[in-house]
Amino acid sequence: RFTYFPHLGLALVAARTAAEVAARSRVAARAVAVVATLAVAGLAARTADQIPVWRTNRTVFAHALAIAPGSGLVQKKFADGELAAGRIDEALRHYEEAVRLEPGFGGAHYQIGVIRFERAEYERAAWHFECAARAAPTEVDFRHEAFLNLGLVRLELGQPDRAMTAFDAALSIAPRFAAAHYGLGNAWKARGDDERAIASYRRALELEPGFPQAHNNLGVALLDAGRREEAIAEFEAALAIWPDYADARFNLDEALRPGR
């Protein structure tokens, strides 16, 4: 719910001026009373006009968009609301307009990257994550997340070396970022280096013990390295955190299979 306050300052100025006039003349005081009543009525009518605008976040930003369509920030804020409501195509359109207006708008590039990534448009996603990662940091510095997602996209494209570069960049900004250590483990695994993958997964779990995917992938690396009992323990740990984790269940069954 919203409360409409934009004219409060003007109302206070009018009241102060009216009081000064009234103090000088009884006749003026009567006139001021009439003027003040009309002014309050006018402000009330204006407030009533604005109620539909302030009803929801979407109406607020739609109104802002109508007033300032050339603002990249307004375009992004409207897109954020569309994304939250599940209107993905509309959100994407406004994010893209935001970066057209402001090519260095990292937050908008990041959201486009997420949408493109989820649609398996990996090359396009990578470009937008790179733009987001290279953007100047704002009050909320999300560059480490942009580098993380860039690394994940590179893995999907079969580029583990470039993925590692992105994960390392994320860790240079946020050294305790468990997801980036996990991503680095995936990159080492893709390169066939189980021992370094194991070390990266273990570091991720030191930072975030309740990370089921890290437990599962650590289990896979341990199993491939011939450390079956340790692997079983990791699959069980993953399932203790997430009982419906299908990959961990499958891997545990495989690890327990006779003759493994």
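Side-chain N or O atoms of His181 include none that pairs as donor or acceptor with a backbone N or O of Leu171 at under 3.5 Å. Between the side chain of Asn251 and the backbone N or O of Asp247 there is at least one donor-acceptor pair closer than 3.5 Å. At distances below 3.5 Å, not a single donor-acceptor pair connects side-chain atoms of His128 with backbone N or O atoms of Arg116.
A salt bridge is defined here as a Lys NZ or Arg NE, NH1 or NH2 lying under 4.0 Å from an Asp or Glu carboxylate O, and Asp168 with Arg154 fails to meet this definition. With respect to the salt-bridge test (charged N to carboxylate O, under 4.0 angstrom), the residues Lys76 and Glu82 do not qualify. Using a 4.0 Å cut-off between a side-chain N of Lys or Arg and a carboxylate O of Asp or Glu, Glu130 and Arg143 do not qualify as a salt bridge. Classification of Glu90 and Arg87 as a salt-bridged pair fails, no side-chain N sitting under 4.0 Å from a carboxylate O. Taking 4.0 Å as the cut-off between side-chain N and carboxylate O, Asp161 and Arg191 count as a salt-bridged pair. Here Glu195 pairs with Arg227 in a salt bridge; the nearest charged N to carboxylate O distance falls below 4.0 Å.
The heavy-atom pair separating Gly185 from Ala197 by the smallest distance is O-CB, 3.4 Å. The two atoms that bring Pro160 and Leu155 nearest to each other are CA-CD2, 4.1 Å, heavy atoms only. Listed here is the closest heavy atom pair of Asn216 and Ala238: N-CB, 4.1 Å. Taking every heavy atom of both residues into account, Ala135 and Gly106 meet most closely at CB-CA, 3.7 Å. Listed here is the closest heavy atom pair of Gly72 and Ala98: O-CB, 3.5 Å. What you find for Ile198 and Ala221 is that their closest heavy atoms are CG1-CB, 3.7 Å.
Contact annotation: the side chain of Glu234 approaches that of Arg202 to within less than 4.5 Å [non-hydrogen atoms, C-beta and beyond]. The shortest side-chain heavy-atom distance between Tyr201 and Lys189 falls under the 4.5 Å cut-off. Looking at Phe105 and Leu73, their side chains come closer than 4.5 Å, going by heavy atoms from C-beta outward. Looking only at side-chain heavy atoms (C-beta outward), Ile115 and Leu83 come within less than 4.5 Å of each other. Side chains of Ile112 and Glu96 form a contact here, defined as non-hydrogen atoms less than 4.5 Å apart. Using a 4.5 Å heavy-atom threshold, the side chains of Glu156 and Phe117 count as touching. With a 4.5 Å cut-off on side-chain heavy atoms, Phe129 and His109 do not count as touching. For the pair His215/Leu205, a side-chain contact is recorded, criterion being any heavy-atom separation below 4.5 Å from C-beta on.
The distance from atom CG of Asn217 to atom CZ of Phe211, rounded to the nearest 0.5 Å, is 8.5 Å. Between Leu252 atom CG and Arg257 atom CZ the span is 12.5 Å, to the nearest 0.5 Å. In this structure, CG on Leu148 lies 11.0 Å from CD1 on Ile173, to the nearest 0.5 angstrom. Rounding to the nearest 0.5 Å gives a distance of 14.5 Å between CD of Gln111 and NE2 of His94. A distance of 5.5 Å separates CZ in Phe235 from CG in Leu223, rounded to the nearest 0.5 Å. Rounding to the nearest 0.5 angstrom, the gap separating the OH atom in Tyr182 from the CD atom in Glu208 is 11.0 Å.
Cluster membership check: Leu222 does not share its hydrophobic cluster with Tyr245, using side-chain heavy-atom separations under 4.5 Å among Ile, Leu, Val, Met, Phe, Trp and Tyr. Hydrophobic clustering (side-chain heavy atoms under 4.5 Å, transitive across Ile, Leu, Val, Met, Phe, Trp, Tyr) groups Leu157 together with Leu184. Phe142 and Val114 fall within a single hydrophobic cluster, where Ile, Leu, Val, Met, Phe, Trp and Tyr are joined by side-chain heavy atoms under 4.5 Å apart, directly or via other members. In the hydrophobic cluster analysis, where Ile, Leu, Val, Met, Phe, Trp and Tyr join through side-chain heavy atoms closer than 4.5 angstrom, Val220 is grouped together with Leu239. The hydrophobic cluster containing Tyr110 does not contain Trp127, counting ILVMFWY residues as joined when their side-chain heavy atoms lie under 4.5 angstrom apart, directly or transitively.
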- Residue pair Gln75, Tyr95: steps toward the side-chain contact (heavy atoms from CB on, under 4.5 Å) verdict: CA-CA 7 Å; Gln75 291 284 348; Tyr95 286 132; over 6 Å; no
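Within a 6.0 Å radius of CZ in Arg119, more than 12 heavy atoms belonging to other residues, nucleotides or ligands are found.
A distance of 6.0 Å or more separates the ring centres of Phe167 and Phe147.
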